[in-house]
Amino acid sequence: MSTTLPPMECLYVTEEFLRELKGGNHSFRLPHPVPILRFLYELSWNLVRGELPFQKCKAALGSVEFVDKVSAVGLGSNFADIISQMAQDLTMSAEYRTRLIKLAKWLVESALVPLRFFQERCEEEFLWEAEMIKIKAQDLKGKEVRLNTRLLYQQTKFNLLREESEGYAKLSYCVFHYKAHALVGLYSTCQVTLLHRGSEDTTENTSALTIGIIKSLIGHFDLDPNRVFDIVLECFELQPDSNVFLELIPIFPKLHASQILGFKFQYYQRIELNSHVPFGLYKLTALLVKEEFIDLDSIYAHLLPKDDKAFEHYNTYSAKRLDEANKIGKINLAATGKDLMDDEKQGDVTIDLFAALDMEAEAVAQRFSELENNQTLGLLTGFLSVDDWNHAHILFERLSPLNPVAHTQICNGLLRLIEKSVSSAYNIIRQTHGRRSVSPGIASIDAMGVTSSPGHVSFIDLPKEFFQMLVTVGPYLYRDTLLLHKVCRVLRGYYMSALELVDSGDGALNGELLIPGKRVHHLHLREARSRVEEALGACLLPSLQLVPANPAVGQEIWEVMNLLPYEVRYRLYGEWEKDDERNPVVLAARQTAKLDTRRILKRLAKENLKPLGRMVAKLAHANPMTVLRTIVNQIESYRDMISPVVDAFKYLTQV
């Protein structure tokens, strides 16, 4: 074994440096800053070799400036690291090891290195030799092994619900009575008693008291914190409208919430379990995501079925429905002569205005099981129930290949959000309409309640979330005709206010400075036009096709479209026909209207002009483009139909 330390080239603690320190030159300093770790290692190496007395250590530290500024604690930490590394050198002679031990003891006595640094980083044998521990090294090793085993490998056995009913019973009592704003806890000899008293306590005090009681129950009865958290969530699930539980949840780790809820969802995914996820669990999960207690993606990973599998199944189903819709009105070449004669038999012509809606109702009934078994759609329903449009919009975009809005429950939730978001703007229009004073100069504006007096405009602003909802609901806005009317009137008032803002050039409306600057007025008008165009193309016009024989709806939509330039209107008409081919219910409505129009035109004559003309008008109210295009094609082929068709047009509305 070598009796000396291995040679080392010193860059900073040189012979000249040592000579100056030994000579007591207090004014000596190194000219340049030095790296702290390299300097301390060279200094410790020379101290162990005996080249420099321990007492000169502080003088050496005072004669240099380090590259990185370091505190006294940081200096001691670096010293302890170097000493602990040198102590692991098994080739060090007994003389140098003895001096290393003395150096460590001197560093502690001189307060350069705290004792705990050496105890944390040095081996047990070195600590025993340096008299830094009071038990032998072997005993300390055994104690360390037992401690690590208990901390890392030994499982804590918590009392389960069936094993410790008293603790969980008191916990359930505490949680269920948390709504009462009146709890008092009396802690005595292994028992917590909760007494229900009057409502004189404040909510804040009650919350703090209940949290303290729950923590006491967990500690006293050794309850599993995750199981306690699960009980709190179950109570919240049973009372989802009670927001007081939101004050209890932050005392538990956020990461555990998604795992506990994930286990709940996985429980209902078992094949042998013939039960669906309760809606309360969806609502609870949505509320926790809305309040940012858990992340959407962390809980989304636990839901089934996976998106790819669900998309593949729906694509097959949607292709079948599109094929059925395209077959409407097609001639069956395999039909017999008798069938063809029955189809062409003269008699009363009837039309079914609800044929497409009946097909849609049947399709929704067929997909009802999908809503029950698809947990992602259930979570989407939960978001809509707690008015969380931000996360609902994320799921709508993520699940768009499934056309989730076709489900009645999801559609009703979305329509309720639209109603809520449009209510304030609609109230402004209704109120100004009620107290308006008619002026000839602005009569058309006043009819919608957008202005209340000449030159004085009620500004209407709509959030971007409202337009996102309209694009999302698409043609299914037809399910609430009253809401469809409100949306049309609000959109018209919104666009009219933007027009008036630009025309007046005045940024102050109703006494408030709303949009300063003429340039900003034009930007606002451009944004308003873009939003209205998107709402018309994605929602209003497709919804019109599914509202049977309702001239008022067509009139309301025209009042909005009439504000746009004619080239924009014709572009919307063209996009309207192309969009029909992507949605089965809209395509079925168009094909049914085309078929009924052809059947009516085959029998249209002067003798039956009145009843058949009214039928044409009913069809044209919902599908004007389809009906009129079919009529034009028939007239091009049969010129003698021009006169009866023109006479039948008198039953059409002006728009």
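Along the sequence shown, residues carry numbers from 1. Everything numeric in this text was worked out from a predicted model, so none of it was measured.
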Any salt bridge linking [X] with [Y]? Criterion: basic side-chain nitrogen under 4.0 Å from a carboxylate oxygen.
X    : Y    : result
E360 : R321 : yes
R599 : D596 : yes
R571 : E533 : yes
K283 : D388 : no
D230 : K264 : yes

Checklist entry - Could you state the interatomic distance from CG (L402) to CG (L377), rounded to the nearest 0.5 Å? => result 6.0 Å

Item to check | Centroid-centroid distance, H391 to F383, less than 6.0 Å | outcome: yes

Item to check | Among L540, V532, L541, the one residue meeting side-chain contact (heavy atoms from CB on, under 4.5 Å) with M561 | outcome: L541

Heavy-atom check, side chain of [X] versus side chain of [Y], under 4.5 Å:
X    : Y    : result
N623 : T597 : no
Y282 : T285 : no
P624 : W576 : yes
Y426 : I460 : no

Next on the checklist: If we ignore hydrogens and angles and just use 3.5 Å, is the side chain of K290 paired with the main-chain N or O of V386 as donor and acceptor?
Outcome noted: yes

Checklist entry - Hey, does the side chain of N608 reach the backbone of L604 with a donor-acceptor pair shorter than 3.5 angstrom? => result no

Parallel, tilted or perpendicular: which one describes the rings of [X] and [Y], with boundaries at 30° and 60°?
X    : Y    : answer
F396 : W389 : tilted
Y573 : Y570 : perpendicular
Y494 : F467 : tilted

Checklist entry - For R526, does the CZ atom have more than 12 heavy-atom neighbours from other residues, nucleotides or ligands under 6.0 Å away? => result no

Checklist entry - Do other residues, nucleotides or ligands put more than 12 heavy atoms under 6.0 Å from the NE2 atom of H276? => result yes

